[in-house]
Amino acid sequence: MKQRQVYLDYAAVTPTDPQVLEVIVDVEQRGLGNPSSMHAKGKVARDIVEASRKTVADALVAHADEIIFTGSGTESDNLAIQGVARVHKTHGCHIVSCATEHPAVLETLRHLQERLGFEITLLEVDGNGKVSADQVKDAIREDTILVSVMYANNEIGTIHPIADIGRVIDKYRKQNKTIYPLFHSDACQALGALDVNVEKLHVDLLTINSSKIYGPKGVGALFVRRGVKIAPIQFGGLQERRLRPGTENVSGIAGFAKAVELAGQCQKKEVRRLTRLRDYFIKQVQTKIPNTRLNGHKSERLPNNINISFLGVEGEALLLYLDAQGIFASSGSACTSEKLDPSHVIMALGVPHMVAHGSIRFTLGRFTKKKDLKYVLEVLPPIVKRLRSMSPIKVNES
Amino acid sequence: MTDLEQDNFQPWFYSEIVREHFFHPQNFLDHDLELDKYNAMGRAGSPACGDELRVWLWVDENDERIKKFYWRTFGCASAIAATSMTSVIVLEGEGMTLAEARAITPQQIMESLGGLPTRKIHCSVLSDKALRDAVNDYYRRTKQFDKIEPEATRIVDPIARVTDKDIEEAILSGAKSVEEVAQKTGVRLNDPRVGQEAAQLVKFYLEKYQG
């Protein structure tokens with residue numbers, strides 16, 4: 001008999017939706033040309049890209065010309081941050097961001113700081129992983145050109161008050177009669193789960209990504225508000241208003257648009273369903289297993305995110321025992337990271353090393369059923385118990 | 001979902017031997033050990049990543065061969081497998097002599113496991129160290145002080161030239177916090193990497209000597 005498989009790593013990558021797959025295959029099979037070509041096959045390819053652009057723009061309540069297709073969320077973050085830095089460095093070299101950002105943002109900022117002399121302020125988060133609009137307000141200086149704060153954290157699911165931060169920035173700009181600072185948010189985890197209306201969020205730049213919403217891998221987009229100037233970070237042809245040269249990934253872009261459309265259709269229902277499943281799972285784990293810790297905010301978190309530390313257990317070992325039972329999750333343990341550093345997100349919560357070491361992230365999604373979670377809840381407690389019995393570190397029984 | 005083992009793609013990160021020892025660890029201590037069931041104890045830790053290992057040996061005092069080897073470890077799959085494998089190597093046949101046990105190297109353990117990912121070698125093979133610590137402990141308990149061999153040191157702060165040994169000694173001479181250790185050793189806490197490692201070492205040694 002084939003082993004039961006429960007995929008709970010949707011925040012890492014979502015499986016491609018069958019309807020999206022159909023669109024991709026259909027576009028590929030049409031044997032279209034290069035969207036830049038002056039013939040029928042090129043024109044149809046161009047139309048597909050532009051129709052997709054419109055679909056994505058609509059989801060953000062933006063104009064089509066404000067959407068730049070890229071190759072990934074990481075690329076969008078790079079384009080946003082480096083793109084702003086290159087144009088606006090004449091005004092100032094200070095950027096405000098947050099300690100728990102995705103590496104796509106943190107490493108880009110580090111590059112600007114170490115190689116190009118920018119000054120970076122990384123805001124600390126509270127015990128739930130949140131920054132406040134007041135913190136942002138206090139960090140803004142005259143030479144601040146950009147604020148970049150993610151919408152929702154990929155590891156612990158905590159939602160930052162992006163609309164509040166946006167309003168604070170707007171107010172600062174009005175009071176000081178300046179266009180600075182610009183405001184970027186990485187919304188890769190938020191798309192499909194939270195309201196991504198760019199007007200309500202008051203963002204100038206917004207990163208989104210296809211592979212987190214059941215679309216194909218290797219496609220992302222960056223919203224760039226009309227009037228906001230950024231510079232390209234790679235050079236070539238005229239595609240994507242010169243901001244992202246290179247032949248368009250037509251079928252990927254069409255698949256992304258289909259994924260955006262599907263996500264919009266089921267968002268409300270899906271958020272309710274996932275929130276219920278999430279809270280059920282957290283409560284069950286806390287009832288069945290002693291000495292656990294929920295990482296991230298209890299309610300202001302993504303509907304599909306569960307991040308729990310099993311104190312006294314090392315995350316990779318737990319992950320692989322689950323893997324052997326067909327359960328696929330992820331961990332913030334140092335042992336699972338390439339650099340052998342514990343999760344910077346969990347460490348930023350101001351908790352002991354052991355919390356990061358024993359953290360497991362379960363992220364739910366469109367194909368997660370309650371019976372899948374019941375299976376995990378059956379398998380998990382004895383595994384934790386066994387690994388704790390093998391450990392010399394004793395956790396207080398409380 | 002499709003079968004993950006098709007087309008010769010490997011769904012498992014480590015060797016088959018690691019898998020066997022990880023899922024079926026040998027000689028780990030799943031109960032509390034009576035004091036008369038062991039006569040040497042050793043520990044090792046990798047404060048940088050939080051791994052920790054303890055071993056308990058029963059050494060036959062007549063021929064000084066290791067007859068029992070119990071362990072507990074807090075660590076990843078390769079740490080668990082490496083410790084399990086070490087216990088098997090040590091107990092094979094009539095049990096290793098203390099001199100033989102001391103000579104076990106991380107490379108030897110790694111080879112017995114069918115190899116480990118490079119980045120895992122440094123942190124997950126701690127069992128040789130814990131074993132040497134236990135051998136020293138045996139000599140200490142049997143008052144053969146001349147046979148104790150202290151472990152080599154490692155530099156924690158390359159600029160202030162502070163080693164793990166310095167930190168251990170600071171704790172032994174009464175320091176009770178990272179700040180007190182910094183005062184005694186000069187380790188630079190304002191360097192985040194150094195500070196973090198120093199803090200972990202302080203915690204480790206405080207537990208070792210006072211906990």
Side-chain angles (χ1 to χ4, degrees), chain A residues 1-7 15 99 122 309-328 331-344 346-348 351-359 367 372 383 385-395, chain B residues 1-5 11-14 18-19 22-25 27-32 41-56 70-81 83-84 117-124 130 192-193 196-197 199-200 203-204 207 211:
Chain A
M1 203 180 75
K2 221 159 92 179
Q3 195 194 28
R4 179 160 190 172
Q5 294 189 344
V6 178
Y7 182 77
L122 289 185
S309 290
F310 300 88
L311 305 181
V313 178
E314 191 283 312
E316 186 204 274
L318 182 48
L319 193 76
L320 292 175
Y321 266 92
L322 288 171
D323 180 59
Q325 303 294 324
I327 298 164
F328 310 121
S331 169
S333 165
C335 305
T336 59
S337 94
E338 273 303 314
K339 294 192 309 196
L340 293 176
D341 286 333
S343 152
H344 71 286
I346 294 181
M347 294 308 286
V351 292
H353 230 112
M354 198 207 272
V355 174
H357 223 29
S359 71
F367 308 107
D372 297 325
I383 294 178
K385 199 168 169 199
R386 178 168 167 83
L387 286 170
R388 277 184 177 155
S389 79
M390 278 160 69
S391 166
I393 298 170
K394 290 288 160 251
V395 202
Chain B
M1 239 183 253
T2 53
D3 184 2
L4 292 175
E5 305 219 20
W12 174 250
F13 283 92
Y14 298 102
V18 170
R19 190 213 289 261
F22 174 54
F23 289 116
H24 307 285
N27 302 307
F28 90 84
L29 183 63
D30 61 354
H31 54 281
D32 283 330
M41 190 179 91
R43 59 183 286 179
S46 170
C49 64
D51 280 6
E52 190 162 327
L53 168 62
R54 252 172 252 189
V55 304
W56 294 265
Y70 299 106
W71 57 268
R72 275 187 189 148
T73 187
F74 173 81
C76 60
S78 47
I80 288 170
T83 315
S84 173
T118 323
R119 68 191 178 91
K120 289 279 184 171
I121 298 166
H122 169 72
C123 64
S124 58
R193 282 209 169 265
Q196 201 180 26
E197 186 164 11
Q200 290 295 327
K203 185 167 164 269
F204 180 75
E207 270 171 26

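Not measured: the values here are computed from a predicted model. Proteins get letters first, then strands, A, B, ... in listed order; numbering begins at 1 in each.
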| task | For B/F13, check ring-ring contact (aromatic ring centres under 6.0 Å, His included) against everything at least two apart and list the hits. | result | none

| request: Pick whichever of A/A324, A/G312, A/S391, A/S333 has the most heavy-atom pairs under 4.5 Å with chain B. | output: A/S391

| Side chain, backbone, both or neither of B/Y14 within contact of chain A (heavy atoms, under 4.5 Å) | side chain

| query | Would you find a donor on one side and an acceptor on the other, under 3.5 Å apart, between the side chain of B/R72 and the backbone of B/R54? | reply | no

| request: Sort out for me which of A/G315, A/G358, A/A317 touches chain B most, counting heavy-atom pairs under 4.5 Å. | output: A/A317

| query | Between the main-chain N or O of A/R386 and the side-chain N or O of A/S389, is there a donor-acceptor pair closer than 3.5 Å? | reply | yes

| Qualifying residues under side-chain hydrogen bond (donor to acceptor under 3.5 Å, both in side chains), relative to A/S331, sequence neighbours excluded | none

